[in-house]
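In what follows, a structure is listed as structure tokens, so that the remarks can point back to it.
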Amino acid sequence: MTQARPAKKPAPPLNEERMRQLALHYVGKYATTQAKLVGYLARKTRERGWDDERPADIAGLTEQFTSLGYINDAQFAEARSRSFVRRGFGERRLSEDLRASGIGDADAIHAKTHMENSIFTAAENFARRKRLGPFAKEAAQPEKRNKQLNAFLRAGHSFELAKRFVYAEPGDEISED
């Protein structure tokens, strides 16, 4: 027979210092954006409550962390772009991810430029990772090629680029032109 564990003591309500410590722990553990930190702190404030004379200043704390360099949306976006190229994802997928992370257009400029310059490499990485087209052991049947084409499109690549890789024969060289 197992004994029931005692109920876990609820976390104390947040105050200015506890919220700062929570935010420091979060940015130290995760690469994050301003929008993600604001969402995290707002959720924690709702869950635990607020116990201070002054109201919670989540935006002020986030701005302070940004000015201290703990959060940098442009660097986050560039790191995501490099990661997406390595993993074989395309421009559409990157744009959606940056939008969901709360990255503004001004902070996403370098990341999108990097992706535009690396789009062929990203598609090649995707084809290699999934063993499609020139990286396949044998040519795919038409039904399987349609599925491969859809996988390329879901990964955020253009139809034309996806078609070049999917319809290439195993061992073919695909140039970037």
Do R18 and D52 have side-chain heavy atoms sitting under 4.5 Å apart? no
Any side-chain heavy atom of E116 within less than 4.5 Å of one from E91? yes
Taking side-chain hydrogen bond (donor to acceptor under 3.5 Å, both in side chains) as the definition, give me every residue that meets it alongside E16, ordered by chain and number, with sequence neighbours left out. R54
Looking at every heavy atom in both A162 and L149, which two are closest together, and how far apart are they? CB-CD1, 3.6 Å
At what distance, to the nearest 0.5 angstrom, does CZ of R43 lie from OG1 of T45? 10.5 Å
I'd like to know if W50 and V38 are part of one continuous hydrophobic network [Ile/Leu/Val/Met/Phe/Trp/Tyr, side-chain heavy atoms within less than 4.5 Å]. yes
Minimum heavy-atom distance R93-R154, with the two atoms named: NH1-O, 3.5 Å
Any side-chain heavy atom of P12 sitting closer than 4.5 Å to one from R48? yes
E78 vs H114 side-chain heavy atoms within contact, under 4.5 Å: no
Quick one: do I103 and I71 end up in the same hydrophobic cluster if we chain Ile, Leu, Val, Met, Phe, Trp and Tyr together by side-chain heavy atoms under 4.5 Å apart? no
Sequence neighbours excluded, which residues qualify as salt bridge (Lys or Arg N to Asp or Glu O under 4.0 Å) partners of K163? E160
For E143, check side-chain hydrogen bond (donor to acceptor under 3.5 Å, both in side chains) against everything at least two apart and list the hits. none
For P13 and D51, the nearest pair of non-hydrogen atoms, with its separation, is CB-CB, 3.7 Å
Do F135 and E124 have side chains that approach each other closer than 4.5 Å (heavy atoms only, starting at C-beta)? yes
Report yes or no: do L61 and F76 belong to one cluster of Ile/Leu/Val/Met/Phe/Trp/Tyr joined by side chain heavy-atom distances under 4.5 Å? no
What donor-acceptor contacts under 3.5 angstrom involve side-chain atoms of residues 23-37, with partners at least two apart or in another chain?
from : atom 1 : to   : atom 2 : distance (Å)
T33  : OG1    : K36  : N      : 3.2
T33  : OG1    : S101 : O      : 2.7
Q34  : NE2    : T66  : OG1    : 3.0

For residues L98 and A111, report the shortest heavy-atom separation together with the two atoms involved. CD1-CB, 4.3 Å
Taking the side chain as C-beta and beyond, is there a heavy-atom pair between F159 and L153 under 4.5 Å? yes
Would a line drawn from the ring center of F165 to the ring center of F120 be shorter than 6.0 Å? yes
E17 with R20: basic N within carboxylate O range, under 4.0 Å: no
Salt bridge (Lys or Arg N to Asp or Glu O under 4.0 Å) against R80, all qualifying residues, sequence neighbours excluded: D97
M115 and V85: side-chain contact (heavy atoms from CB on, under 4.5 Å), yes or no, with the steps? CA-CA 7 Å; M115 179 57 83; V85 168; 3.9 Å; yes
If the condition is side-chain hydrogen bond (donor to acceptor under 3.5 Å, both in side chains), which residues does R129 pass it with, not counting sequence neighbours? none
